[in-house]
Amino acid sequence: MMVLAGAGSGKTRVLTRRLAYLILSGAASPETILAVTFTNKAAREMRERVLELLGLDAPSGVAHRFWIGTFHGMGARMLRQQGKYLGYDPDFTILDTADQERLAKRICDESSFDHKYWTPKRLINHISRWKDDGITPDRLDEVNEREFLNPGDKTRVHSFYQSYQESLMRANAMDFGDLLLNCLELWRRHPDLLAHWQHRFGHLLVDEYQDTNAVQYRWAAQLADLHKNLCVVGDDDQSIYSWRGARLDNILHFKDDFPDVTVIRLEQNYRSTGNILRAASELIKHNQGRMEKSLWTEDDDGRKIDLFTAESSEDEARFVASEIGALCPLGDFSRAAVLVRASRQTRAIEEGLMRQGIPYQVVGGLRFMDRAEIRDALAYLRLVHSARDDVAFERVVNVPKRGVGQVAMAKIRAVAMQESVPLLEATRRLVAAGGISGKAKTALKDFVMLIDEARQICQLESPAMALAHLLDRSGYVASLDGHEKRDEKMDNLAELRGVLVRSESLTMFLEETALVTDMHESGEPSPNRVVISTLHAAKGLEFPYVFLVGMEEETLPHSLAVNEGAEGLEEERRLAYVGITRARERLYLTHARKRWMYSEPTFPMPSRFLRELPAEVLEDRGPKFSVKFGASGSIGLPSGGSRPFGGGGGSPRFRLR
DNA sequence: TGCCTACGCCTTTTT
DNA sequence: GGCGTAGGCA
């Protein structure tokens, strides 16, 4: 079954009701159901709502019998059990992007792969994308030659990809892509293992189906191949993750792949006013590659959509802040949200809100797990947990600085290579054999001892005690003294410790922290704060008042996306659509005439998407002399501004229709 | 080995 | 406007 659910049509409700119904009607028991989502938050919500419908508490034990989670979480769960058939230990580590890049850099350094375009970062980027498409090193020749710039690069990239995979294997580690790709590989080699899961899961549900990539699609389709009970829910108009490998084809071609599918359309919107819905519908009609869907509402037209032209980004932020002040006189600021295209736009908004004393909360800003001190602490714990985790070893062997530099590292690696042992073990042998001297020797000896001690403490006492020991005895805590952000860092570490204490085991803790990137906000949203969010992070949320700021060419649509051609542009339009449909009662669209970009002033054109909205639902909110852009009398700017998309011809003009 | 400085590159969106 | 890195120097 495919449920095409328009924005605000009750998609999540459908999924949770279906789940609850399957169980209450006796058609299925919890352990035979597999439900996958994209975010941990969505998974958590689904679980809670289902349990609620079933009239059960979370501790009832039933919660554990459900397999509700993210694609990556489910993949990890299966591979913990069966990864051994591919040569992985059950306690394999999961690398995130930062880990991947470090590893990539090391491989580049070692193989003197120094390339202008193919930087470690880009290599990882491309490899991740290839993995989304199911392209393993041996299938790299399927990739279009153009992607490699120079013909010779392909060979070098190919050998890098191979080394990268080998390093992962050696460190008993998987990156995000591997969590699913390895499932497919496992099932290919051992069909009986696939059969086991196929048998078990009588019902599969996939949320946000429009965001699945090729591998996720194959993963789900294979699991469902026995019982053919696959239910997907999605909205092609809200597909905004193609850059992460999402295939809109998966939804557009679902009928071809599953000929006897039942398609259900949910077109009644229970969220927004008539005007907001009309604006969204008109906008999205400009896209070609979509399934016809027409949303309707029983709600009134409501207020018109406020369109505001700001002189500058500061002006825009000031306007947003003062409107929010007026809309939320009682201080119930959580009713309002400011949505941006790119996270760097948040700063100007933050400053504007701060100036007027309006509390706010940035979602998806700098992530808790990405903070240096958190990553250091986690790397220490990972090394304690798995002596094979070379990535973790490299991260902390010289943190805090203890005099282990390139020379010492090279020696360690040589031993590791020669004797086929992990870096930690290699260090142990190197020190014992006296192959190193001076400062580095003492430092490495102490380091190995520290890890050993921590491992003991972890077993005899608790992981939290081990963490304390690691941070203290390594000198890490002391090294923060005098640091400008010392207190903040200590607070973060304390918070991490709190999570560790609440975890069942170190293993579970590391699993959570590897896959949950938003644990900082995993609690309830802070009360009475304006939410500032990227459009991507805002999907699935709704607010009475929404400000969609930076409605300008180069920003929305983003310049990079426009360069990708028609498909890129359509995805930008879907982003705008997602933003608009977050609003329940009031929607503001703002753009600025002048914006600073890398300390250079730019004069962006208003977004083409503004022109695609029906004029009758818009209300211009001044300043009064700017009702028509480019009209004479507007303050001293050349009409048309700096025209980012070039062309020397007549100045492009923007008018409200 | 580590500190300092200058420079370059960047900035889409994230499980 | 901010960060990471390369390169020079102690």
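Only this structure's heavy atoms are used, side chains among them; waters, hydrogens and symmetry mates stay out. So you know, we letter chains A, B, ... as the sequences are listed, proteins then strands, and number each from 1.
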L339(A) CG to dT13(B) P, straight-line distance once rounded to whole Å: 15 Å
Between C1' on dT15(B) and CD1 on I124(A), what's the gap in Å once rounded to a whole number? 16 Å
Aromatic ring of Y241(A) stacked on base six-ring of dT13(B), 5.5 Å, 30°: no
In this structure, how many angstroms lie between the P atom of dT11(B) and the NE2 atom of H536(A), rounded? 15 Å
Measuring from E373(A):CD to S479(A):OG, what's the distance to the nearest 0.5 Å? 10.5 Å
A quick test of your reading: do over 12 heavy atoms of other residues, nucleotides or ligands sit less than 6.0 Å from CZ of R355(A)? no
At a cut-off of 3.5 Å, list every protein nitrogen or oxygen paired with a nitrogen or oxygen from nucleotides 1-3 of chain C, distance to 0.1 Å.
residue : atom : partner : partner atom : Å
dG1(C)  : N7   : S599(A) : OG           : 2.9

Sorted by chain and number, sequence neighbours left out, side chain to side chain donor-acceptor pair (under 3.5 Å) with Q210(A) holds for E208(A)
Could I get the full list of side chain to side chain donor-acceptor pair (under 3.5 Å) partners for R574(A), not counting sequence neighbours? E571(A)
Only Watson-Crick and G-U wobble pairs, only distances under 3.5 Å, only runs of 3 or more: what stems does that leave for DNA chain C? B:1-9 with C:2-10
Let me know the distance between CD1 of I240(A) and P of dT13(B), rounded to the nearest Å. 12 Å
Distance in angstrom units between E101(A) CD and dT14(B) P, rounded: 15 Å
Using only heavy-atom distances, determine whether the side chains of H591(A) and S607(A) contain a donor-acceptor pair under 3.5 Å. no
Would you please name every residue forming a side chain to side chain donor-acceptor pair (under 3.5 Å) with E572(A), sequence neighbours left out? R341(A)
Please report, rounded to the nearest Å, how far the P atom of dT14(B) is from the CG atom of L575(A). 10 Å
Residues R593(A), E311(A): salt bridge by 4.0 Å N-O rule: yes
R80(A) to F92(A), cation-pi by 6.0 Å centre distance and 45° axis angle: yes
Taking side chain to side chain donor-acceptor pair (under 3.5 Å) as the definition, give me every residue that meets it alongside D389(A), ordered by chain and number, with sequence neighbours left out. T93(A), R382(A)
Tell me the interatomic distance from L569(A), atom CG, to dT13(B), atom P, rounded to whole angstroms. 19 Å
Quick check: on DNA chain B, is the nucleotide nearest A408(A) upstream (toward 5') of the one nearest W243(A), or the reverse? Name the residue that is more 5'. A408(A)
